[in-house]
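Working notes for the structure below.
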2 protein chains.
Amino acid sequence: MNEQTTTGRLTVVGLGPGSPRQLTPEAHAAIEASSDLFGYGPYLDRIALLPGQTAHRSDNREEIARASAALELAASGRQVAVVSGGDAGVFAMAAAVCEAIEAGPEAWRELEISIVPGVTAMLAVAASVGAPLGHDFCALSLSDNLKPWETIEQRLRAAASAGFVIAIYNPVSRARPWQLDRAFTILREELPETVPVVFGRAAGRADEKMTLTDLASAEGALADMATCVIIGSPETRTVARNGLPPLVYSPRSAGRPT
Amino acid sequence: MNEQTTTGRLTVVGLGPGSPRQLTPEAHAAIEASSDLFGYGPYLDRIALLPGQTAHRSDNREEIARASAALELAASGRQVAVVSGGDAGVFAMAAAVCEAIEAGPEAWRELEISIVPGVTAMLAVAASVGAPLGHDFCALSLSDNLKPWETIEQRLRAAASAGFVIAIYNPVSRARPWQLDRAFTILREELPETVPVVFGRAAGRADEKMTLTDLASAEGALADMATCVIIGSPETRTVARNGLPPLVYSPRSAGRPT
């Protein structure tokens with residue numbers, strides 16, 4: 001801890017994809033300045049605690065309970081950090097903290113809240129294979145825990161038919177085994193089967209694994225919970241290289257809608 | 001320069017939104033390890049050159065010429081970095097480099113190319129106001145220099161009606177003065193006029209300016225070339241606070257499509 005103040009505060013910190021080389025100095029400083037750190041266990045495991053810091057671990061399905069516990073401690077005067085993998089604002093804890101503040105006691109609306117952005121997974125995956133997000137794209141969570149599957153299907157069709165590249169977060173889990181295959185089936189109805197598909201696992205980390213295929217061959221078994229899937233638009237291209245992996249990119253220019 | 005090798009290479013580096021506190025250690029190291037840096041002048045101005053490093057400045061409309069010059073120098077054996085603001089893969093130089101490799105001489109396909117991701121503008125803007133990108137969202141360039149305006153209108157309507165939050169890059173320029181107002185007109189046909197709109201300028205920098213309004217009051221005059229505009233979905237909420245700016249966030253849950 002670098003400082004002690006009498007007023008509590010809460011900072012939501014994006015840790016980036018996993019490598020310390022992709023953690024910003026701002027995020028590092030925010031972690032060092034906190035007395036208490038909240039987060040999903042594997043994210044907290046990335047942090048070497050300083051003397052006097054306390055880690056509060058929780059499961060990955062308990063976002064609102066975690067946010068509320070963190071806000072309560074901040075309101076009591078502590079310097080609290082809530083950590084997320086990637087960027088704190090993309091399918092992560094910043095929205096859960098805002099939601100808890102809106103539903104919580106009046107005192108939480110007087111707390112100093114800051115959010116420290118980070119490199120979100122799709123950016124790290126894209127960088128590893130070229131520039132598939134080089135033109136218009138969308139980011140979509142495939143989890144139907146908190147939204148109807150019907151909404152997800154509608155969004156997949158709308159994004160694909162309008163020409164957006166699609167980055168899929170939360171593609172599968174033990175409780176959601178079929179959704180990604182169903183998504184590919186839907187996308188095959190909207191897109192050419194030749195569009196490139198990237199399965200990016202643990203981007204930027206030592207165990208990084210990038211799998212490049214096309215929509216015809218894409219299948220759910222290629223993804224796990226740590227995978228971000230990027231599905232190209234009809235404009236996305238693959239450049240073969242000599243002795244090197246191909247580059248996948250979406251050109252800066254686009255044609256007329258069909 | 002930390003090392004000399006006999007083989008040239010090219011690294012495309014995302015510098016983040018502007019503050020050195022949001023530049024990753026990986027990006028910093030990539031810049032230090034390069035002999036030659038290419039980029040749009042204002043991005044190169046952020047970098048303190050080391051002895052022996054050469055800066056190659058170009059205008060912001062010359063991406064392919066810049067990428068080709070950088071590749072040519074890398075092919076001659078130099079350690080080249082091409083810098084972009086934000087993330088190198090989002091409406092930035094990584095796609096231009098891939099495009100130049102595809103169109104260029106065979107030797108460029110044998111070059112070692114790496115891309116270093118960064119915090120892209122929309123993430124920094126979102127973090128400054130809450131978590132407007134907390135659920136499904138898209139990123140769209142409003143520049144019609146390289147795609148027909150008709151395509152942009154179609155994408156705006158598709159994204160808005162499907163419930164995506166929309167982050168607009170390149171909202172205006174001297175040569176494109178009317179497009180953003182036209183985009184708001186289109187969006188008012190697809191969305192409630194109460195959805196929050198954030199104009200985020202220079203996020204994370206000393207001269208950061210965030211303007212929060214709603215779709216009814218949004219107008220092009222609130223943006224300049226350094227602005228990223230975020231338009232909420234019908235689910236995006238604004239939380240008033242006591243003596244603090246409101247929080248804007250998109251909840252993790254979503255309803256059925258209408």
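All heavy atoms count here, side chains included; hydrogens, waters and symmetry mates do not. In the text below, chain A, chain B and the rest are named by the order of the sequence lines, each starting its count at 1. Predicted, not measured: the structure shown is a model, and the values here were computed from it.
For the options B/Glu106, B/Glu102, B/Glu110, heavy-atom pairs under 4.5 Å to chain A are most numerous at B/Glu102. The residue among B/Ala88, B/Ala92, B/Gly89 with the most heavy atom pairs within less than 4.5 Å of chain A is B/Gly89. Contact count versus chain B (heavy atoms, under 4.5 Å) is highest, among A/Asn242, A/Val97, A/Ile101, for A/Asn242. Ranked by heavy-atom pairs under 4.5 Å with chain A, the list B/Gly118, B/Ala159, B/Gly243 is led by B/Gly118. Counting heavy-atom pairs under 4.5 Å between each of B/Gly204, B/Cys98, B/Ser253 and chain A puts B/Cys98 at the top. When the candidates B/Val119, B/Ile152, B/Ile113, B/Val116 are compared by the number of heavy-atom contacts under 4.5 Å with chain A, B/Val119 comes out ahead. Per-residue heavy-atom pair counts under 4.5 Å with chain B were compared for A/Gly163, A/Ala27, A/Ala158, and the maximum is reached by A/Gly163. For the set A/Ser250, A/Ala240, A/Ala203, the entry with the most heavy-atom pairs within less than 4.5 Å of chain B is A/Ala240. Comparing A/Asp87, A/Leu247, A/Val12 by heavy-atom pairs within less than 4.5 Å of chain B, the highest count is held by A/Asp87.
Residue-level contacts of residues 14-22 of chain A with chain B, in order of numbering, are A/Pro20, A/Arg21, A/Gln22; threshold 4.5 Å between heavy atoms.
For the pair B/Tyr249 and A/Ala95, the tightest heavy-atom approach, listed with the atom from each and the gap, is CD1-O, 3.8 Å.
With a threshold of 4.5 angstrom between heavy atoms, A/Ala167 does not approach chain B through any atom at all. Contact annotation for A/Arg237: only side-chain heavy atoms (C-beta onward) come within less than 4.5 Å of a heavy atom of chain B. When heavy atoms are compared at a cutoff of 4.5 Å, A/Leu111 approaches chain B solely by way of its backbone atoms N, CA, C and O.
Side-chain contact between A/Thr24 and B/Leu23: absent, with no pair of heavy atoms (C-beta onward) separated by less than 4.5 Å. In this structure, the side chains of A/Val90 and B/Leu123 come closer than 4.5 Å at one or more pairs of heavy atoms. Annotation: side chain of B/Leu244 is not in contact with side chain of A/Arg109 (no heavy-atom distance under 4.5 Å).
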Side-chain donor-acceptor pairs of residues 126-141 of chain B under 3.5 Å, sequence neighbours excluded:
from: B/Ser128; atom 1: OG; to: B/Ala124; atom 2: O; distance (Å): 3.3
from: B/Ser128; atom 1: OG; to: B/Glu208; atom 2: OE1; distance (Å): 3.2
from: B/Ser128; atom 1: OG; to: B/Glu208; atom 2: OE2; distance (Å): 3.1
from: B/His135; atom 1: ND1; to: B/Arg252; atom 2: O; distance (Å): 3.2
from: B/His135; atom 1: NE2; to: A/Lys147; atom 2: NZ; distance (Å): 3.0
from: B/Asp136; atom 1: OD1; to: A/Ser141; atom 2: N; distance (Å): 2.9
from: B/Asp136; atom 1: OD1; to: A/Lys147; atom 2: NZ; distance (Å): 3.0
from: B/Asp136; atom 1: OD2; to: A/Lys147; atom 2: NZ; distance (Å): 2.5
from: B/Asp136; atom 1: OD2; to: A/Arg155; atom 2: NH1; distance (Å): 2.7
from: B/Ser141; atom 1: OG; to: B/Ser143; atom 2: N; distance (Å): 3.2
from: B/Ser141; atom 1: OG; to: B/Asn170; atom 2: ND2; distance (Å): 3.0

Intermediate values then yes/no, side-chain contact (heavy atoms from CB on, under 4.5 Å), A/Arg241 and B/Trp108: CA-CA 9 Å; A/Arg241 295 191 295 168; B/Trp108 292 1; over 6 Å; no
